[in-house]
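For reference, the structure is listed below as structure tokens.
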Amino acid sequence: MSRMCDVCGKGVMSGNKVSKSYNHTRRTWRPNLHTVKATLPNGAVKTIKVCSSCLSSGFVSKKVRVPKTAETAQN
């Protein structure tokens, strides 16, 4: 399972953690990914991994969840 945004392609970055004594050790930064059911332009619904910046900027249209009402539950 890759740690990449399906919309913008943002992925894991790597670099150095620098301590107070200036020792360098390798570390990674992971993107803030969310698993979202989204509606595609052709109308299909698909589960994709989206970073929080793409989700908040409106690049993805989330599937609208319609709750069951009492009338539809009885039928």
Side-chain angles (χ1 to χ4, degrees):
M1 183 162 87
S2 66
R3 293 186 173 110
M4 287 188 89
C5 177
D6 290 332
V7 177
C8 67
K10 185 185 290 184
V12 176
M13 294 181 65
S14 62
N16 285 318
K17 179 171 64 172
V18 182
S19 68
K20 188 176 178 181
S21 61
Y22 209 64
N23 294 330
H24 289 66
T25 54
R26 299 298 288 179
R27 64 158 290 184
T28 58
W29 287 270
R30 294 180 182 172
N32 189 7
L33 294 179
H34 301 276
T35 304
V36 173
K37 283 191 177 181
T39 54
L40 301 177
N42 60 1
V45 176
K46 187 176 179 183
T47 303
I48 59 175
K49 288 185 284 188
V50 183
C51 65
S52 60
S53 60
C54 289
L55 197 59
S56 64
S57 61
F59 290 136
V60 176
S61 56
K62 290 175 68 173
K63 176 185 169 247
V64 178
R65 183 179 163 271
V66 180
K68 291 185 178 180
T69 61
E71 297 172 3
T72 58
Q74 292 175 356
N75 294 335

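Note: hydrogens, waters and symmetry copies are ignored here, and every other heavy atom, side chains too, is used.
The side-chain heavy atoms of L33 and C51, taken from C-beta on, include a pair separated by under 4.5 Å. Counting heavy atoms from C-beta outward, P31 and M13 have side chains that stay 4.5 Å or more apart. Residues C5 and K49 fail the side-chain proximity criterion, which asks for heavy atoms closer than 4.5 Å.
Separating the NZ atom in K63 from the CG atom in L40 is a distance of 12.5 Å, to the nearest 0.5 Å. Between S61 atom OG and K37 atom NZ the span is 14.5 Å, to the nearest 0.5 Å. Taking CZ of R27 as the reference point, atom CZ of R30 lies at 10.5 Å (rounded to 0.5 Å). Once rounded to the nearest 0.5 Å, the distance linking OG1 of T25 with NZ of K17 reads 4.5 Å.
When all heavy atoms of R26 and S14 are compared, the closest pair comes out as NH2-OG, 3.6 Å. Residues S53 and K10 come closest through the heavy atom pair OG-NZ, 3.4 Å.
As a member of the Ile/Leu/Val/Met/Phe/Trp/Tyr network built from side-chain separations under 4.5 Å, V60 groups with V7, V36, I48, V50, L55, F59.
Within the 3.5 Å criterion, the main-chain N or O of V18 finds no donor-acceptor partner in the side chain of N16. At distances below 3.5 Å, not a single donor-acceptor pair connects side-chain atoms of T39 with backbone N or O atoms of G43.
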